[in-house]
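The structure appears below as structure tokens.
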Amino acid sequence: GRKGQLTKERRARLEALGFNWDPFHNAWEQMFAELARYKERHGDCEVPHRWSENRELGIWVGGQRRARREGHLSPQRTERLDTLRFTWDPLNATWNQMYGTLCDYRRKRGHCNVPQRWPKNQKLATWVAEQRKHKERLNPEQVEKLGAIGFVWNVLDAKWEEMFSALGGYKKR
């Protein structure tokens with residue numbers, strides 16, 4: 001069919017049967033529609049990779065990210081996914097969301113030292129601990145953003161300095 005070697009009659013007969021001339025395009029459109037339904041239900045396009053309800057959709061979403069990263073996703077498909085507010089880098093999006101939560105914490109409390117076992121938001125407490133533990137994994141922009149809000153990388157060193165300063169003040173008095 002693509003090479004134009006079918007007669008009009010044969011092409012018409014195949015089309016009457018509902019012949020699929022471009023199965024890859026149709027499969028992409030079908031998965032895009034599934035993603036749109038997912039977004040309607042969940043409010044985002046963050047389909048877990050091994051989502052039990054539709055494992056194929058989770059794999060497809062990861063494939064779209066990989067295809068774009070490798071330069072294999074057409075601008076038209078990229079644009080279509082963008083209309084759904086598709087998240088191209090979910091790890092960075094999650095980091096930014098948690099950073100925003102930390103900024104809220106700082107606004108309310110005046111510091112970024114979330115207790116390690118803070119029952120009000122254990123997810124934030126764990127995230128802060130992970131930033132300290134794996135600073136070398138952060139990109140320079142992330143390190144800079146945390147530094148700009150007074151993030152303390154080593155709580156024990158900071159506490160020692162605080163107490164040393166207090167001791168100096170005590171001696172002075």
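Side chains are part of it too, since the values below use all heavy atoms of this structure and drop only hydrogens, waters and symmetry mates. If you're wondering where the values come from, they're calculated on a predicted model, not measured in any experiment. Each residue takes its place number in the sequence, starting with 1.
Here the side chains of Leu73 and Arg65 are not in contact, with every heavy-atom distance at 4.5 Å or above. Between Gln64 and Trp28 there is a side-chain heavy-atom pair separated by less than 4.5 Å.
At a cut-off of 3.5 Å, with distance as the only test, a side-chain donor of Thr126 or Gln122 sits close to an acceptor on the other residue.
Using a cut-off of 4.0 Å between Lys/Arg side-chain N and Asp/Glu carboxylate O, Arg37 and Glu34 are scored as salt-bridged. Ion pairing between a basic and an acidic side chain is recognised when a charged N comes within 4.0 Å of a carboxylate O; Glu53 and Arg41 show such pairing.
Looking at residues two or more places apart in sequence or on another chain, you find no salt bridge (Lys or Arg N to Asp or Glu O under 4.0 Å) involving Lys135.
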Practice item. Check the pair Phe151, Arg132 against side chain to side chain contact (heavy atoms under 4.5 Å, CB included), reporting the backbone distance first and the verdict last. Key: CA-CA 9 Å; Phe151 189 81; Arg132 288 186 178 120; 3.7 Å; yes

**Study point:** Trp88/Asp82 under side chain to side chain contact (heavy atoms under 4.5 Å, CB included): CA gap, chis, key distance, verdict
**Key:** CA-CA 9 Å; Trp88 295 104; Asp82 284 344; 2.7 Å; yes

Check your understanding: Is there a side chain to side chain contact (heavy atoms under 4.5 Å, CB included) between Leu81 and Leu35 once you walk through the steps?
Key -> CA-CA 9 Å; Leu81 288 164; Leu35 181 61; 3.7 Å; yes

Practice item. Begin with the C-alpha distance, continue with both residues' side-chain angles, and end with the deciding distance and a verdict on side chain to side chain contact (heavy atoms under 4.5 Å, CB included) for Asn121 and Val114. Key: CA-CA 9 Å; Asn121 190 338; Val114 180; over 6 Å; no

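Ring-centre distance between Trp51 and Tyr38: below the 6.0 Å cut-off.
Taking the six-membered ring where tryptophan is involved, the planes of Phe164 and Trp160 are essentially parallel, since the angle between them stays under 30° and well short of 60°.
Within a 6.0 Å sphere centred on CD of Gln116, heavy atoms belonging to other residues, nucleotides or ligands number 12 at most.
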